[in-house]
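Keep in mind that this is a model prediction, so the values were computed, not measured.
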Amino acid sequence: MKRKFLVSIFVIISLLAVFLLYRNTNLFDKNTDLSDLEFAGLSIHSDDKQVAHDYPDFYMTKKGKFKDYYYEDENYFVVSSDKSTKKVVYIENNQLIKELNLKTNKNIGIGSTKKEVISEYGDKYKKMNSDKYGKVMLYTDKNKHINLAFSLNDKEKVSVVVVYDYKTYDYQW
């Protein structure tokens with residue numbers, strides 16, 4: 001009886017560990033080539049001088065190991081670079097800003113449809129649900145360590161775009 005109990009506990013813990021590993025890793029994600037990906041003219045791993053050059057009106061703050069550039073508000077359009085490497089590691093846009101062309105180089109941005117996203121980036125994405133953004137389509141480039149995520153609203157239109165280096169930037173969904 002005691003042996004069955006211990007085996008049951010072991011099985012439950014093992015299943016929980018597999019679930020947590022699956023949920024928090026890119027190991028099982030489908031691979032999408034994002035090597036030419038740009039968002040708003042910026043790319044992950046590009047030099048952060050490009051941010052200051054392309055967006056001279058952005059505010060800048062230094063927090064921990066990152067330097068954040070943002071437009072008007074830290075919540076609308078943010079670009080972060082690693083202070084030690086001076087490379088862009090994170091880009092997020094969650095507000096339509098008409099003055100800026102905030103789209104990928106494949107013309108996908110806030111307001112694009114799920115169908116348009118799949119047409120441009122394919123069907124090799126992971127479906128996620130996020131406390132922060134709801135339904136998310138997550139594309140992963142395992143070779144470049146890049147995640148590209150599109151949050152979808154109830155009308156299946158993009159409401160948030162997030163691009164980041166998942167080895168350097170621990171994005172919290």
Side-chain angles (χ1 to χ4, degrees), residues 14-48 50-51 63-70 75-96 101-173:
S14 297
L15 289 173
L16 182 61
V18 168
F19 169 75
L20 291 174
L21 177 68
Y22 177 77
R23 185 168 187 253
N24 295 315
T25 187
N26 293 333
L27 184 64
F28 303 106
D29 292 352
K30 300 169 186 174
N31 194 53
T32 301
D33 181 10
L34 300 172
S35 57
D36 66 343
L37 175 67
E38 290 185 2
F39 184 79
L42 302 170
S43 61
I44 297 298
H45 307 135
S46 63
D47 194 287
D48 68 357
Q50 182 183 356
V51 180
K63 296 178 183 173
K65 66 181 248 177
F66 300 106
K67 188 179 344 177
D68 294 340
Y69 300 87
Y70 61 93
N75 298 314
Y76 295 159
F77 177 45
V78 181
V79 179
S80 294
S81 65
D82 185 304
K83 285 196 283 192
S84 63
T85 65
K86 299 182 191 288
K87 300 294 182 191
V88 173
V89 294
Y90 163 77
I91 305 167
E92 180 173 350
N93 173 225
N94 60 20
Q95 190 79 14
L96 185 62
N101 183 28
L102 301 178
K103 294 185 179 221
T104 69
N105 52 324
K106 294 186 177 186
N107 207 32
I108 301 294
I110 292 177
S112 297
T113 65
K114 179 179 178 181
K115 184 177 180 178
E116 291 169 329
V117 171
I118 292 171
S119 173
E120 292 299 329
Y121 290 99
D123 60 0
K124 294 181 180 177
Y125 63 91
K126 179 179 177 180
K127 295 176 188 175
M128 293 177 34
N129 280 311
S130 156
D131 292 337
K132 191 173 182 182
Y133 292 126
K135 290 193 302 188
V136 175
M137 300 170 68
L138 181 69
Y139 291 89
T140 299
D141 185 326
K142 294 179 184 178
N143 299 320
K144 298 287 183 182
H145 311 288
I146 297 172
N147 276 345
L148 168 63
F150 300 100
S151 174
L152 302 175
N153 63 21
D154 293 339
K155 295 179 182 175
E156 301 242 307
K157 289 192 174 190
V158 173
S159 58
V160 178
V161 179
V162 181
V163 186
Y164 62 100
D165 176 333
Y166 62 80
K167 290 279 190 180
T168 307
Y169 197 90
D170 184 23
Y171 189 76
Q172 300 297 309
W173 291 103

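Counting only distance, with no hydrogens or angles, the side chain of Gln50 and the backbone of Ser43 share no donor-acceptor pair below 3.5 Å. Looking only at distances, no side-chain donor or acceptor of Tyr125 sits under 3.5 Å from a matching main-chain atom of Ile118. Using a distance-only test at 3.5 Å, with no hydrogens or angles considered, no donor-acceptor pair links the side chain of Lys167 to the main chain of His145. No donor-acceptor pair under 3.5 Å is formed between the side chain of Lys115 and the backbone N or O of Glu156. In this structure a side-chain-to-backbone donor-acceptor pair under 3.5 Å is missing from Asp141 to Ile146. Side-chain atoms of Asp165 never come within 3.5 Å of backbone atoms of His45 as a donor-acceptor pair (strictly under, hydrogens ignored). Side-chain atoms of Asn153 never come within 3.5 Å of backbone atoms of Ser159 as a donor-acceptor pair (strictly under, hydrogens ignored).
In summary, the side chains of Tyr121 and Thr104 do present a donor paired with an acceptor at a separation below 3.5 Å, with no hydrogens or angles considered.
Note that NZ of Lys114 is 6.0 Å distant from CE of Met137, once rounded to the nearest 0.5 Å. One finds the NZ atom of Lys124 at 9.0 Å from the NZ atom of Lys30 (value rounded to the nearest 0.5 Å). Here the OH-OH distance, from Tyr164 to Tyr169, works out to 10.0 Å after rounding to the nearest 0.5 Å. Here Ser35 contributes atom OG and Ile44 contributes atom CD1; the two are 13.5 Å apart, rounded to the nearest 0.5 Å. Here the straight-line distance linking atom CG of Asp33 with atom CG of Asn143 works out to 7.5 Å at 0.5 Å rounding.
Closest of all the heavy-atom pairs between Tyr133 and Asn94 is OH-ND2, 3.4 Å. Nearest approach of Ile108 to Ser112, heavy atoms of both residues: CA-OG, 3.5 Å. When every heavy atom of Asp82 is checked against every heavy atom of Phe66, the shortest pair comes out as CA-CD2, 4.1 Å. Residues Asp36 and Asn105 share a closest heavy-atom pair of O-ND2, 2.8 Å. Taking all atoms of both residues into account, the shortest heavy-atom contact from Lys65 to Thr168 is NZ-O, 4.2 Å. The two residues Gly109 and Val158 come nearest to each other via the heavy atoms O-CB, 3.4 Å.
The side-chain heavy atoms of Asn93 and Ile110, taken from C-beta on, include a pair separated by under 4.5 Å. Residues Phe150 and Val161 meet the side-chain proximity criterion, which asks for heavy atoms closer than 4.5 Å. Taking 4.5 Å as the limit, every side-chain heavy atom of Val163 sits out of range of all side-chain heavy atoms of Leu42. Residues Lys127 and Val136 are not in side-chain contact: their nearest non-hydrogen atoms beyond the backbone lie 4.5 Å or more apart. Between Lys126 and Thr140 the shortest side-chain heavy-atom distance does not fall below 4.5 Å. Annotation: side chain of Lys135 is in contact with side chain of Asn129 (closest heavy-atom distance under 4.5 Å). Residues Leu102 and Phe77 have side chains in contact (heavy-atom distance under 4.5 Å, counting atoms from C-beta outward).
The 12-atom threshold is not exceeded at NZ of Lys144, counting heavy atoms of other residues, nucleotides or ligands nearer than 6.0 Å. Residue-environment remark: NZ (Lys83) exceeds the threshold of 12 foreign heavy atoms within 6.0 Å. Atom OH of Tyr76 has 12 or fewer heavy atoms from other residues, nucleotides or ligands within 6.0 Å. The environment of Lys157 atom NZ is sparse: at most 12 non-hydrogen atoms of other residues, nucleotides or ligands sit within 6.0 angstrom.
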